[in-house]
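What follows is a set of notes on a single structure, which appears directly below.
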Amino acid sequence: MAPVAPPESEAELLRRAESLAGQRLADLAHALGTQVPADLRRAKGWPGQLVEAWLGASAGSLAEPDFRNLGVELKTIPVGRDGDPLESTYVCTVPLEGACAATWENSWVRRKLARVLWLPMEADRETPLAQRRVGAALLWSLEPDLEAVLRTDWEEIMELVCLGRLAELSARLGVYLQVRPKAANARSLRRSVGADGGSVLTNPRGFYLRAAFTREVLRRHYALPP
DNA sequence: TGATGATCATTA
DNA sequence: TAATGATCATCA
């Protein structure tokens with residue numbers, strides 16, 4: 001997709017994001033000279049990449065906030081007709097090595113979520129992809145009470161990783177932050193540290209925000225059903 | 001039905 | 001290869 005220069009300030013980023021409100025994905029795609037895929041089965045990341053291109057996100061696939069110079073992460077939120085989030089939101093990879101040295105303060109999760117541009121997108125399956133609209137952007141900072149919950153979740157998860165209790169990792173852990181597989185397929189393996197301190201292979205995992213978290217963020221800043 | 005676990009495309 | 005962008009598909 002056509003590159004757009006990165007925004008030089010949060011104000012500029014927000015102006016760009018606000019100009020997308022109400023636009024249909026087909027309009028954005030055509031303006032960038034690209035086509036709307038027939039469906040998302042083989043283009044799962046397409047909506048996110050489309051708005052990245054529009055807003056001038058610069059980090060690519062690096063483990064960095066999307067707008068590196070601003071320290072702002074872009075997150076689209078797929079929402080239904082009622083504005084309620086439909087899916088969890090990927091945050092970053094779970095560090096399987098060096099888990100014992102990691103702290104919440106220096107974690108990728110905290111770095112990425114410190115400042116986020118949330119962008120709701122229509123995503124109910126009734127609406128054809130091309131006709132789905134972008135919602136109203138929200139430039140947001142991690143709020144202390146939400147951070148406290150995330151921190152507890154993160155520490156619970158990372159303790160298991162540190163101790164090599166990988167079999168106990170489950171998406172059922174965590175109030176707002178959960179761990180799920182994150183890989184091309186279940187045969188992907190990554191090195192980690194076993195309970196005896198030795199090297200073991202396990203499936204790569206990612207941190208995800210439950211829909212309950214993004215629902216709470218949207219609820220606090222927009223008029224939404226409870 | 002909703003959530004968990006699995007999967008797909010792209011890029012540096 | 002391993003990070004990113006996520007949604008799909010199955011089962012409790």
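Per chain, numbering begins at 1; letters A, B, ... match sequence-line order.
- For A:T76 and C:dA6, the shortest distance from a side-chain N or O to OP1 or OP2 is below 4.0 Å.
- Candidate nucleotides C:dA6, B:dT7, C:dT7 were compared by shortest atom distance to the side chain of A:L40, and C:dT7 ranks first.
- Between C:dT4 and A:T93, a contact under 4.0 Å exists linking OP1 or OP2 to a side-chain N or O.
- Shortest non-hydrogen contact noted between A:D153 and A:Y176 is OD2-N, 2.7 Å.
- Contact check, A:R42 against B:dA9: a side-chain N or O comes under 4.0 Å of OP1 or OP2.
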Working for side chain to side chain donor-acceptor pair (under 3.5 Å), residues A:R210 and A:S88: CA-CA 5 Å; A:R210 293 184 186 275; A:S88 56; over 6 Å; no
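- The residue among A:P78 and A:L189 whose nearest nucleotide of DNA chain C is located toward the 5' end is A:L189.
- Looking at the side chain of A:E73, the nearest of the listed nucleotides C:dT7, B:dG5, C:dG5 is C:dG5.
- Interface remark: the A:Y208 side chain does form a donor-acceptor pair with the C:dA6 base, using a distance-only criterion of under 3.5 Å.
- Counting to the nearest Å, the P atom of C:dA3 and the CG atom of A:D66 are 16 Å from each other.
- Using a 4.0 Å cut-off, no side-chain N or O of A:Q49 falls inside it from OP1 or OP2 of C:dA6.
- Note: CD (A:E52) to P (C:dT4) measures 11 Å, nearest angstrom.
- In this model, the phosphate group of C:dC8 is approached by a side-chain N or O of A:R125 to a distance below 4.0 Å at OP1 or OP2.
- Closest approach of A:L119 and A:G135 over heavy atoms only: CD1-O, 3.9 Å.
- For the pair A:N185 CG and C:dC8 C1', the interatomic distance rounds to 15 Å; values are reported in whole Å.
- For A:R190, a side-chain nitrogen or oxygen approaches OP1 or OP2 of C:dA2 to under 4.0 Å.
- For the pair A:R205 CZ and B:dA6 C1', the computed distance is 12 Å after rounding to whole Å.
- For the pair A:K112 NZ and C:dA6 P, the interatomic distance rounds to 10 Å; values are reported in whole Å.
- Separating the CH2 atom of A:W118 from the C1' atom of C:dA6 is a distance of 14 Å, rounded to the nearest angstrom.
- Of the candidate nucleotides B:dT7, C:dT4, B:dT4, B:dT7 has the atom lying nearest to any side-chain atom of A:R187.
- Across all strands shown, A:A183 has heavy atoms under 4.0 Å from base atoms, whether or not it also approaches the sugar-phosphate.
- Using a 4.0 Å cut-off between charged nitrogen and carboxylate oxygen, A:R81 and A:E122 do not count as a salt-bridge pair.
- Closest non-hydrogen pair, A:P85 versus A:L218, comes out as CG-CD1, 4.1 Å.
- Summary of the strand contacts: A:W108 and A:P181 both lie near DNA chain C, and taking for each the nucleotide with the nearest heavy atom, the more 5' one is attributed to A:W108.
- Contact check, A:R210 against B:dT4: a side-chain N or O comes under 4.0 Å of OP1 or OP2.
- One interatomic measurement links the two molecules: CH2 of A:W46 to C1' of B:dT11, which rounds to 18 Å at whole-angstrom precision.
- In terms of phosphate contacts, A:K44 brings no side-chain nitrogen or oxygen within less than 4.0 Å of OP1 or OP2 of B:dA6.
- Considering only side-chain atoms of A:A186, the nucleotide from B:dG5, C:dC8, B:dT7 that sits closest is B:dT7.
- As judged by a 4.0 angstrom heavy-atom cut-off over every strand, A:G48 is placed among residues touching the sugar-phosphate backbone only.
- Classified by interplanar angle (parallel below 30°, tilted 30° to 60°, perpendicular above 60°), the ring pair A:W118/A:F213 is tilted.
- Nearest-nucleotide positions on DNA chain B place A:Q178 closer to the 5' end than the other of A:Q178 and A:A184.
- When the C1' atom of B:dG5 is taken as reference, atom CZ of A:F207 falls 17 Å away, rounded to whole Å.
- In terms of polar N and O atoms assigned as donor or acceptor, the side chain of A:K182 comes within less than 3.5 Å of the base of C:dG5 in a complementary pairing.
- By the 4.0 Å N-to-carboxylate-O rule, A:R151 lies close enough to A:E105 to be salt-bridged with it.
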